[in-house]
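Just below is one structure, and these are the notes that go with it.
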Amino acid sequence: MTDTADVTRPETGQLDVRNPATGEVIATVAATRPEEVDAAVAAAVRAQRGWAALAPGERARLLRRFAAEVDGRIEELAALEVREAGHTVGNARWEAGNVRDLLEYAAGGVERLSGRQIPVAGGLDLTFHEPIGVVGVIVPWNFPMPIAAWGAAPALAAGNAVLLKPAETTPLTALRLAELALAAGLPEGLFQVLPGTGPVTGARLVEHPDVRKIVFTGSGAVGRRIMGQCARQVKRLTLELGGKSPNIVFADADLARAADPLAFVDNAGQDCCARTRILVQREVYDRFAELLARAVESVVVGDPADPATTMGPLISAAQLRRVQGYVTDDLPVVARGGAPQGPGFWYPPTVLAPADPAAPVAVEEVFGPVAVLLPFTDEADALRLADATPYGLSGSVWTRDLSRAVRMARGVAAGNLSVNSHSSVRYWTPFGGFKQSGLGRELGPDALAAFTETKNVFIATEE
Ligand code: ADP
């Protein structure tokens, strides 16, 4: 989705980082050239050998120190996120804290990464979780800090080196995290941040034979291309792609809570778990639409550095054009909030009621504060509508009937369901998509295992 022409200056190989609330350039960062990627990979290969050979307790201790460095700089990291990504300051603080928590959680796994002993005749059979080697983590701009840590923290904990490519528009927090890793005492070369464009810096990471796994979060189009490239080397791959998640509201639900607009306006809707398909049982459709309209109109859109703000700007001019392109004049508007005029990339929270449930705005990922409201009749109809997209990332079910809640949560073809809640992501529970929303899982108790190869060793005990 990133329009790289908006953010790069090809003649100098530099990335201009803009404040999305004003459009001003706030920093210029050198893009990593392919030969620099190769040098970084070579350094990472060396660093990884030493890292994997360290005692587990020592690796855990260094990761806890990294977490402590981050904890001491929550305000600084949050301020950087507000400036380069336009996140509200409350969200940005939470995101910096999430990096700390991910590092602590991963550190707790280092000494628990135990294999199995399997009964065999004539000997002893053991399994080991060997690190994969060098892992490339390719990060989008929507949650630059958390998504960097979702990949990097468990990969490091499992004994790997990490080369992280942040998105073109948001390299600053990742670069700061790399400095904090060094300050914490992580070995030189073990965790490197390589800013640059996707097609040059990112593509080189994917192609490099010594990068043994890619963790990619971003658009489906780029994810599919990377999957094809990884296939050539049978390279390990985790994909977290888009979503078009349903918010399924039954007539017996707490309608006011179900109508919380944060479900699709948090982070200006630039969230792959955003509940942008609001499915409402027909008999409460009008009442729900009213509640939603009132709530949407009261969303405070403005300066992300102001703690009273609920929603900031979109990330870039390109993203603004993309969102505007979906909201065509023929679509009936159920609700629309406000947004600042003037510089910056602003779009008001908007709810539409397309007559056709298969309209592009109803089935494609807009990645802006835009939702559709669609009526359904019964459980079967709700399930049919919920699954009528190529995606399957998350979703919410609102009802007071527990049996129905369980039937629906089990029925929807998505990786992360919430009942009477809009939350999706906790670092200690698994996260990932069905269908075209992704491949593999991140986070949760098995996060470290995804960065290992299982090795089986048989030891004969018979002379
Ligand atoms: P979005 O901009 O919607 O987050 P993208 O898929 O365009 O989604 O970008 C996600 C990440 O993938 C960014 O870091 C981007 O630079 C990177 N990327 C884009 N194209 C490629 C590519 N061909 N190879 C590797 N990485 C890429």
Side-chain angles (χ1 to χ4, degrees), residues 1-8 10 13-18 20 29 31-34 37 40-41 84-87 135-148 150-152 162-175 193-208 211 213-233 235 237-244 267-274 276 314-323 325-326 345 364-368 391 393 433 436-439:
M1 263 175 279
T2 305
D3 182 348
T4 50
D6 263 19
V7 291
T8 53
Q14 306 262 308
L15 307 172
D16 283 341
V17 182
R18 288 176 194 276
V29 171
T32 314
R33 295 191 303 268
V37 174
V41 174
E84 77 167 338
H87 291 196
V135 175
V137 178
I138 300 176
V139 177
W141 46 258
N142 64 331
F143 290 106
M145 275 195 285
I147 294 178
W150 291 9
V162 171
L163 298 176
L164 191 143
K165 198 207 80 66
E168 288 84 342
T169 38
T170 54
L172 300 182
T173 47
L175 286 166
V193 171
L194 311 176
T197 65
V200 177
T201 310
R204 186 65 195 139
L205 269 182
V206 174
E207 284 159 15
H208 200 298
V211 176
K213 174 165 179 163
I214 292 291
V215 178
F216 171 81
T217 306
S219 62
V222 175
R224 278 186 285 274
R225 182 180 316 157
I226 288 177
M227 195 171 176
Q229 282 161 342
C230 285
R232 285 184 214 148
Q233 297 171 22
K235 189 169 290 195
L237 175 66
T238 300
L239 296 174
E240 296 291 356
L241 308 176
K244 188 74 186 176
N267 206 29
Q270 302 165 123
D271 180 341
C272 44
C273 290
T276 51
L314 295 172
I315 188 71
S316 64
Q319 193 57 24
L320 178 58
R321 284 195 296 277
R322 181 186 157 84
V323 174
Y326 273 104
F345 314 124
E364 293 176 16
E365 188 175 42
V366 176
F367 233 51
Y391 296 112
L393 192 54
Q436 292 191 32
S437 282
L439 186 72

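The chain is numbered in sequence order, starting from 1. Note that ligands are numbered from 1 as they come in the structure, with each ligand's atoms numbered from 1 the same way.
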Is the side chain of [X] donor-acceptor paired with the backbone N or O of [Y] at a distance under 3.5 Å, no angle test?
X	Y	result
Q233	E207	yes
K235	I214	no
K244	E365	no

- prompt: Heavy-atom distance under 4.5 Å between the side chains of V215 and E240, does that happen here?
  reply: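 Contact flag for V215/E240 side chains = no.
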query: Quick one: does F216 get a heavy atom under 4.0 Å from ligand 1?
result: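 Judged by the 4.0 Å heavy-atom criterion, F216 does count as contacting ligand 1.
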Under 4.0 Å from a heavy atom of [X]: give me the atoms of ligand 1 that qualify, with their elements.
X	answer
P140	4 (O)
S219	5 (P), 6 (O), 7 (O), 8 (O)
I138	11 (C), 12 (O), 14 (O), 17 (C), 25 (C), 26 (N)
P166	14 (O)
R225	23 (N)

Is the shortest N/O to N/O distance between [X] and ligand 1 below 3.5 Å?
X	result
V139	yes
G198	yes
T197	no
T217	no

- prompt: Nearest non-hydrogen atom to atom 25 (C) of ligand 1 belongs to which of G196, P195, G202, A221?
  reply: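 Closest candidate by heavy-atom distance is G202.
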Q270: partners by side-chain hydrogen bond (donor to acceptor under 3.5 Å, both in side chains), with sequence neighbours left out: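 Q270 satisfies side-chain hydrogen bond (donor to acceptor under 3.5 Å, both in side chains) with no residue once adjacent residues are dropped.
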query: Who are the side-chain hydrogen bond (donor to acceptor under 3.5 Å, both in side chains) partners of N267, not counting sequence neighbours?
result: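 side-chain hydrogen bond (donor to acceptor under 3.5 Å, both in side chains) check on N267 returns H87.
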task: Any chance you could measure R224, atom CZ, to L439, atom CG, to the nearest 0.5 Å?
output: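 It is 12.5 Å, given to the nearest 0.5 Å.
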message: With rounding to the nearest 0.5 angstrom, report the CG to CG distance, N142 to L314.
response: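 Nearest 0.5 Å value for the CG-CG distance: 12.0 Å.
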